[in-house]
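Atoms within a ligand are numbered from 1 in the order they appear, just like the ligands themselves. Index from 1, following the sequence. For the numbers below, each heavy atom of this structure counts, side chains included, while hydrogens, waters and symmetry mates do not. These figures come from a predicted structure and were not determined experimentally.
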Amino acid sequence: MRIVETLFINSTGDINKLPEASYPEIAFAGRSNVGKSSLLNALANRKGLFKVSSTPGRTRTIVHVQARLDNEETFYLVDLPGYGYAKVSRDAKAAWAEFMHTYLQDRPTLHLVVILVDIRRGPENEELELIEFLQEAEVPALLVATKLDRVPNSKQQSVLNKLKKDTGINVIGTSATDKKGIDDLLKTILYHCHLN
Ligand SMILES: Nc1nc2c(ncn2[C@@H]2O[C@H](COP(=O)(O)OP(=O)(O)O)[C@@H](O)[C@H]2O)c(=O)[nH]1
Ligand SMILES: [Mg+2]
């Protein structure tokens, strides 16, 4: 199965302006610069759908992209706002958390949250807190270790195993650069959306 068409639907910082909850959706969360846009582009087989940048952006919006599979099924890929800037005020951090938490808790069509961590960095407090939050809200979570190409082949499996042990949730390693793990991730997503 693969994604054959994608369509930008909506970008908003206002929880009341999200698109109607009409398709199963998969949300992607991670600190800025983790490789979220690159991964989403690789998943969607599109180069410029999500903007890739070497300097962390500060967009505070939830972006909905509609994706259509080769079997005509449709779902939403959801890009959640990045976090983890040292320079952001406490008020801004609290506002971000509230926006995210409301979406994660109340979205009836949310099937899975993919939490991205840089494979060289692993989870920090924000990611561990998010995992705990999702467990309490009973929303399934998956850890994706990005930039797999930055770790030698011989070490990848043991690093992934350790991440799984440290977080208690399933882990997939991916590289947007050499497209490793992308098919595996899509399969897991479709399984959670009951589209497999
Ligand atoms: N080596 C490597 N670099 C990556 C990969 N994915 C993203 N990057 C780089 O990481 C930086 C941030 O990527 P981006 O997709 O914009 O991350 P975002 O801020 O999380 O959306 C860019 O310089 C990308 O080229 C990857 O799989 N491997
Ligand atoms: Mg991005």
* To do: Could you check R68 against T74 for side chain to side chain donor-acceptor pair (under 3.5 Å), going step by step and ending with a plain yes or no?
  => CA-CA 5 Å; R68 188 167 60 81; T74 297; 5.8 Å; no
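- Counting backbone and side-chain atoms alike, S37 contributes an N/O/S atom closer than 2.8 Å to the Mg ion (ligand 2).
- Residue-to-ligand polar distances keep S32 apart from ligand 1: every N/O pair is separated by 3.5 Å or more.
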* Asked: Would N41 and K36 satisfy side chain to side chain donor-acceptor pair (under 3.5 Å), going step by step from the backbone distance to the final call?
  -> CA-CA 9 Å; N41 287 335; K36 185 151 51 83; over 6 Å; no
* To do: Give the intermediate values and the outcome of side chain to side chain donor-acceptor pair (under 3.5 Å) for residues S158 and N161.
  => CA-CA 5 Å; S158 64; N161 289 345; over 6 Å; no
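- Proximity of S53 to ligand 1, defined as any heavy-atom pair under 4.0 Å, is confined to the backbone N, CA, C and O atoms.
- Close N/O approach between T174 and ligand 1 is not found [any backbone or side-chain N/O within under 3.5 Å].
- Below 4.0 Å from some heavy atom of S37 lie the following atoms of ligand 1, by number and element: 15 (O), 18 (P), 21 (O).
- Residue S175 places a heavy atom under 4.0 Å from ligand 1.
- Taking a cut-off of under 4.0 Å to the non-hydrogen atoms of G35, the atoms of ligand 1 that pass are 7 (C), 13 (O), 14 (P), 15 (O), 17 (O), 18 (P), 20 (O).
- Those atoms of ligand 1 that come under 4.0 Å of a heavy atom in S38, given as number and element, are 6 (N), 7 (C), 13 (O), 14 (P), 15 (O).
- No single ILVMFWY cluster, assembled from side-chain heavy atoms under 4.5 Å apart, contains both L142 and V159.
- Among the atoms of V52, none of the N or O lies under 3.5 angstrom from an N or O of ligand 1.
- Contacts of D149 with ligand 1, taken as heavy-atom pairs under 4.0 Å, involve the side chain alone.
- The backbone N or O of E20 sits less than 3.5 Å from a side-chain atom of S22, completing a donor-acceptor pair.
- By heavy-atom distance, the residue among K36, K179, K147, K180 lying nearest atom 3 (N) of ligand 1 is K147.
- Remark: the backbone N or O of V34 is paired with a side-chain donor or acceptor of T146 at under 3.5 angstrom.
- Test Q66, H111, H64 against E25 for side-chain hydrogen bond (donor to acceptor under 3.5 Å, both in side chains) and you get one pass: H64.
- Side chain of K147 to backbone of V117: no donor-acceptor contact under 3.5 angstrom is found.
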